[in-house]
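Quick caveat, the model's predicted, so the values are computed rather than measured. We count ligands from 1, going down the list as the structure has it; atoms in each ligand are counted the same way.
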Amino acid sequence: MPFVTTTEMFKKAYSGGYAVGAFNVNNMEIIQGIADAAAETRSPIILQVSNGARKYARHVYLMKLIEAAEAETSLPIAIHLDHGEDFEICKSCIDGGFTSVMIDGSKHSFSENIDITRKVTQYAHARGVVVEGELGRLAGIEDDVSVSDEDAGYTQPGEVEEFVTRTGVDSLAIAIGTSHGAFKFKPGQIPRLRFDILEEVARRLPGFPIVLHGASSVIKKYVDTINANGGALADAAGIPEPMLREAAKLAVCKINIDSDLRLAMTAGVRETLVKSPEEWDPRKFLLAGRENVKELVKDKILNVLGSDNKI
Ligand code: G3H
Ligand code: 13P
Ligand code: ZN
């Protein structure tokens with residue numbers, strides 16, 4: 001099966017009350033761990049590539065590795081650009097074989113966001129590629145931004161219909177209290193998602209797929225392993241998994257996960273190297289990282305996304 005777009009995936013996810021995981025990929029072990037987990041659970045997946053990933057691993061390597069994952073598993077896989085910041089990077093990924101791109105115009109004004117997003121959508125749709133846009137800004141303590149209600153930049157539901165109609169986007173990322181990275185809440189702060197905003201957006205855009213960025217839960221097991229093996233990640237905190245499960249039952253069809261993959265991989269590598277200081281074969285510690293990634297993704301599919309047995 002060649003790479004697919006997210007159109008069919010999202011239709012089924014919306015009506016089925018589950019979400020598809022969009023996992024950030026940077027190297028072979030991460031791709032293999034995700035693909036193995038999805039194959040065992042019979043789950044569709046989105047493999048997404050950031051600008052940083054493209055710089056690190058390089059476009060053609062990531063394409064070929066993802067092609068290999070598809071060839072080995074025959075899974076429906078969408079290959080997606082994460083946080084495309086301008087038309088040029090979106091064009092480069094569309095021309096380079098991606099089936100989906102995100103144009104992240106959220107840092108621009110509403111009208112500039114519409115203009116840049118519409119330009120990408122027109123180029124993408126003419127080539128059979130789908131587009132994710134974003135309205136609202138994800139705040140986070142890592143950005144040194146207050147996460148109070150006033151400042152958090154939550155999506156304004158009153159803007160979503162105009163944005164979707166004028167841009168022609170196929171899915172929409174919204175800001176309801178998630179944020180990127182492994183330090184999403186201050187110590188003592190109670191994690192909270194604005195389900196009222198999600199519900200209002202869904203009411204205004206019936207059947208339209210919504211995307212959640214910054215949706216790692218910062219799994220304690222991996223953080224503890226890292227810290228027990230020389231790491232320094234005190235105060236790491238993420239979105240509680242039951243909240244994400246709830247969002248997946250509603251209009252959220254795509255849930256983005258990167259930080260949890262990084263933590264799982266790093267925990268495996270650190271644990272192996274600390275337990276066996278004589279080890280100098282990268283295959284040994286990367287294998288442990290890959291196994292952790294597989295375990296993590298299986299758990300997400302079964303217990304958070306609900307996307308198992310959906311192919
Ligand atoms: O949302 C951002 C993703 O976690 C990608 O991070 O730009 O460091 O690859 P990155
Ligand atoms: P996390 O940092 O919570 O994994 O979010 C990843 C993401 O949104 C990628 O676009
Ligand atoms: Zn993101």
Asks: For atom 7 (C) of ligand 2, what is the nearest protein heavy atom, given as residue, atom name and distance?
Replies: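 For atom 7 (C) of ligand 2, the nearest protein heavy atom comes out as H180 CD2, 3.4 Å.
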Asks: Do you know the tightest heavy-atom contact between A288 and T272?
Replies: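 Smallest heavy-atom distance, with atoms named: CB-OG1, 3.2 Å.
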Asks: Under 4.0 Å, heavy-atom basis, I'd like to know which part of H213 is in contact with ligand 1: side chain, backbone, both or neither.
Replies: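 Neither part.
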Asks: Heavy atoms only, cut-off 4.0 Å: how does D82 contact ligand 2, side chain, backbone, both, or neither?
Replies: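 Only the side chain of D82 comes within reach of ligand 2.
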Asks: Please work out the angle at the Zn ion (ligand 3) defined by atom NE2 of H180 on one side and atom ND1 of H213 on the other, rounded to 10°.
Replies: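 NE2 of H180, the Zn ion (ligand 3) and ND1 of H213 span an angle of about 130°.
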Asks: What protein heavy atom is closest to atom 9 (O) of ligand 1, reported as residue, atom name and distance in Å?
Replies: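 For atom 9 (O) of ligand 1, the nearest protein heavy atom comes out as S50 OG, 2.6 Å.
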Asks: Any salt bridge between D36 and R290, counting N to O under 4.0 Å?
Replies: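 No, D36 and R290 are not salt-bridged.
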Asks: For K221, is there an ion pair with D224 - N to carboxylate O distance below 4.0 angstrom?
Replies: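 Salt bridge flag = no for K221 with D224.
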Asks: Any idea which atoms of ligand 2 are less than 4.0 Å away from a heavy-atom of D258?
Replies: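 Those atoms are 4 (O), 6 (C).
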Asks: Thinking salt bridges, do E8 and K11 make one under a 4.0 Å N-O criterion?
Replies: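 Judged by the 4.0 Å cut-off on N to carboxylate O distance, E8 and K11 do form a salt bridge.
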Asks: Could you see which bit of N24 sits under 4.0 Å from ligand 1, with heavy atoms only: side chain, backbone, both or neither?
Replies: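 Near ligand 1, N24 shows its side chain, while the N, CA, C and O stay back.
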Asks: Which residue supplies the protein heavy atom nearest to atom 3 (O) of ligand 2, what is that atom called, and how far is it?
Replies: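 So the nearest neighbour among protein heavy atoms is K184 NZ, 2.5 Å.
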Asks: So, is the end of the R127 side chain (NZ or CZ) under 6.0 Å from the ring centre of Y123 and within 45° of the ring's axis?
Replies: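 Yes; both conditions hold, so R127 lies above the ring face of Y123.
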Asks: Short N/O distance, under 3.5 Å, between H83 and ligand 2?
Replies: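 Between H83 and ligand 2, an N or O pair is found under 3.5 Å apart.
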Asks: Using a 4.0 Å heavy-atom cut-off, say whether L261 meets ligand 2 through its side chain, its backbone, both or neither.
Replies: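 It is neither; nothing of L261 touches ligand 2.
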Asks: Taking only heavy atoms of H83 into account, list the atoms of ligand 1 that are under 4.0 Å away from them.
Replies: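 So the atoms of ligand 1 that pass are 1 (O), 2 (C).
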Asks: Could an N or O of ligand 1 be found under 3.5 Å from any N or O of H180, whether backbone or side chain?
Replies: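 For ligand 1, there is an N or O atom that lies under 3.5 Å from one belonging to H180.
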Asks: Number the atoms of ligand 2 from 1 as they appear, then name those within less than 4.0 Å of a heavy atom of Q48, with their elements.
Replies: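 Going through ligand 2 atom by atom, the ones under 4.0 Å from Q48 are 9 (C), 10 (O).
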Asks: Assess whether a salt bridge exists between E291 and K294, defined as any Lys/Arg side-chain N lying under 4.0 Å from an Asp/Glu carboxylate O.
Replies: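 No.
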Asks: Is there a continuous path of hydrophobic side-chain contacts, each under 4.5 Å between heavy atoms, that joins L198 to V211?
Replies: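 Different clusters.
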Asks: Pick, from S216, G238, G181, the option with the minimum heavy-atom distance to atom 4 (O) of ligand 2.
Replies: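 It is S216 that holds the nearest heavy atom.
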Asks: Decide, yes or no, whether a salt bridge links K119 with D115 under the criterion of side-chain N to carboxylate O below 4.0 Å.
Replies: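 Between D115 and K119 there is no salt bridge, as every charged N stays at least 4.0 Å from the carboxylate O atoms.
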Asks: Which residue holds the protein heavy atom closest to atom 2 (O) of ligand 2, what is that atom called, and what is the gap in Å?
Replies: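 Answer, as residue, atom name and distance: S259 OG, 2.7 Å.
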Asks: Check contact between R54 and ligand 1, using heavy atoms of the residue and a distance below 4.0 angstrom.
Replies: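 No; R54 lies far enough from ligand 1 that no heavy-atom distance drops under 4.0 Å.
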Asks: Considering only protein heavy atoms, which is closest to atom 8 (O) of ligand 1, and at what distance to one decimal place?
Replies: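 Nearest protein contact, heavy atoms only, for atom 8 (O) of ligand 1 is R262 NH2, 3.0 Å.
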Asks: At under 4.0 Å between heavy atoms, is it the side chain or the backbone of A215 that contacts ligand 2, or both, or neither?
Replies: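 Near ligand 2, A215 shows its backbone, while the atoms from C-beta on stay back.
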Asks: Which is it for R203 and E200 under the salt bridge (Lys or Arg N to Asp or Glu O under 4.0 Å) test, yes or no, and what are the steps along the way?
Replies: CA-CA 5 Å; R203 194 187 67 73; E200 181 57 14; 2.9 Å; yes
Asks: Which bit of D82 gets closer than 4.0 Å to ligand 1, counting heavy atoms only: side chain, backbone, both or neither?
Replies: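 Side chain only; the backbone of D82 stays clear of ligand 1.
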Asks: Between K310 and Y18, is NZ or CZ placed under 6.0 angstrom from the six-membered ring centre and within 45° of the ring axis?
Replies: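 Judged by the rule (NZ or CZ under 6.0 Å from the ring centre, within 45° of its axis), K310 counts as positioned above Y18.
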Asks: Please report which non-hydrogen protein atom sits nearest to atom 8 (O) of ligand 2, along with the residue it belongs to and the distance in Å to one decimal place.
Replies: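 It is G214 N, 2.8 Å.
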